[in-house]
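What follows is a single structure, written as structure tokens, with notes after it.
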Amino acid sequence: MQFSADYSGRLPEIAEHFRAVFSASEGDSEGDLIAALVQEMFASTADPDLSAFTALEDGSIAGCILFTRLSYEQDSRSAFLLSPVAVRTQRQGQGIGQALIRHGLTAVRQHGADVAVTYGDPSYYGKTGFRQITESQAAAPLPLSHPHGWQAQSLTGAELAPLRGPSRCVPALNNPVYW
Ligand SMILES: CC(C)(COP(=O)(O)OP(=O)(O)OC[C@H]1O[C@@H](n2cnc3c(N)ncnc32)[C@H](O)[C@@H]1OP(=O)(O)O)[C@@H](O)C(=O)NCCC(=O)NCCS
């Protein structure tokens with residue numbers, strides 16, 4: 001297993017990876033939705049606001065995660081949102097997701113991120129250091145349909161003090177269907 005932050009030349013393969021994984025877990029329409037989201041994230045996000053990490057096995061994608069900037073304009077800290085996450089269906093439950101998330105968190109911290117935020121199942125993301133938060137600790141960019149899935153962690157070792165002000169996600173995620 002090899003981790004890579006270089007997604008150049010792999011965008012169609014990454015979109016297909018998300019389509020296949022989410023089609024298998026949640027149906028074809030969800031697969032199409034997430035593949036389109038990922039394509040839009042790559043197409044419309046400024047380079048400094050996007051990081052993608054792949055787990056490669058024999059040169060093909062076994063897992064992929066994306067981080068995009070979550071801006072809190074009244075706060076000097078740099079926050080990134082981890083979403084989406086997908087591990088190849090046949091390789092799920094074997095530690096790839098957690099290893100890839102840990103790798104990605106270390107890499108974004110080394111590039112200056114102070115806080116990582118995510119939105120999903122706390123019983124899964126809790127395994128890689130995320131803790132449930134309320135919107136008084138960090139405002140979500142759009143109304144949350146599952147507020148219990150709102151989670152964050154400090155990447156600096158400092159306690160996670162509330163993030164100040166309203167937040168803004170990247171344009172590709174600025175759609176209520178994802179929240
Ligand atoms: C969710 C997902 C990324 C986890 O990756 P993975 O490589 O299968 O998970 P790992 O092997 O690292 O971790 C396995 C552990 O997480 C738990 N887990 C796996 N998927 C889970 C889920 N969807 N919800 C809660 N817990 C989950 C397992 O029960 C297991 O727990 P254990 O270690 O106590 O036995 C992967 O299953 C996947 O791609 N699922 C389909 C797409 C998806 O739901 N993505 C997340 C939303 S963006």
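Each ligand, and each atom within it, is numbered from 1 in the order the structure gives. Please read these numbers as outputs of a predicted model, since none were measured by experiment.
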Contacting atoms of ligand 1, where contact means under 4.0 angstrom from a heavy atom of [X]:
| X | answer |
| --- | --- |
| D121 | 24 (N), 25 (C) |
| I96 | 7 (O), 12 (O) |
| A86 | 39 (O) |
| V21 | 39 (O), 41 (C), 42 (C) |
| Y125 | 46 (C), 47 (C), 48 (S) |
| G95 | 10 (P), 11 (O), 12 (O) |

What protein heavy atom sits nearest [atom], and how far away is it?
| atom | result |
| --- | --- |
| atom 7 (O) of ligand 1 | G97 N, 2.8 Å |
| atom 48 (S) of ligand 1 | V85 N, 3.6 Å |
| atom 39 (O) of ligand 1 | V87 N, 2.8 Å |
| atom 13 (O) of ligand 1 | Q98 NE2, 2.7 Å |
| atom 32 (P) of ligand 1 | K127 NZ, 3.5 Å |

message = Would a single hydrophobic cluster contain both Y125 and L160, if residues Ile, Leu, Val, Met, Phe, Trp and Tyr are joined by side-chain heavy-atom contacts under 4.5 Å?
response =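 Looking at the clustering, Y125 is in a separate group from L160.
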inquiry  = Exactly one of N174, N175, D49 should register a side-chain contact (heavy atoms from CB on, under 4.5 Å) with C169. Which one does?
reply    = N174
task = For atom 40 (N) of ligand 1, state which one of Q92, R88, E30 supplies the nearest heavy atom.
result = Q92
query = Given F22, F18, Y124, which has its nearest heavy atom closest to atom 19 (C) of ligand 1?
reply = Y124
ask   = Hey, what's the ring geometry for F18 with F22, parallel, tilted or perpendicular (30° and 60° as the breaks)?
value =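 Ring orientation, 0 to 90° scale: parallel.
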ask   = Parallel under 30°, tilted from 30 to 60°, perpendicular over 60°: which one fits the rings of F53 and H103?
value = perpendicular
query = If only atom types and distance count, is the side chain of S51 paired as donor or acceptor with the main-chain N or O of F67 below 3.5 Å?
reply =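 No, the answer is negative, given that no donor and acceptor are paired below the 3.5 Å cut-off.
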query = Within the side chain of E135, is there an N or O that forms a donor-acceptor pair under 3.5 Å with the backbone of A140?
reply =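 It does hold such a pair.
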inquiry  = I'd like to check atom 35 (O) of ligand 1 in this structure: does the protein have a heavy atom lying under 4.0 Å from it?
reply    =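 Protein heavy atom within 4.0 Å of atom 35 (O) of ligand 1: absent.
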message = Does the protein place a non-hydrogen atom closer than 4.0 angstrom to atom 28 (C) of ligand 1?
response = no
Where is the tightest heavy-atom contact between [X] and [Y], given as atom of each residue plus distance?
| X | Y | answer |
| --- | --- | --- |
| E57 | M1 | OE2-CE, 3.3 Å |
| W179 | L173 | NE1-O, 2.7 Å |
| A15 | A35 | O-CB, 3.6 Å |

task = Examine G93 against ligand 1 and note whether any of their N/O atoms are separated by less than 3.5 Å.
result =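 Yes; the residue has a nitrogen or oxygen that sits under 3.5 Å from a nitrogen or oxygen of the ligand.
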query = Using a distance-only test with no angle check, is there a side-chain donor-acceptor pair under 3.5 angstrom linking S4 and D6?
reply = no
message = Would you say that Q92 contacts V21 through its side chain, given a criterion of any heavy-atom pair below 4.5 Å between the two side chains?
response = yes
task = May I ask whether S123 has any heavy atom positioned less than 4.0 angstrom from an atom of ligand 1?
result =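 It does, in that a heavy atom of S123 comes within the 4.0 Å cut-off of ligand 1.
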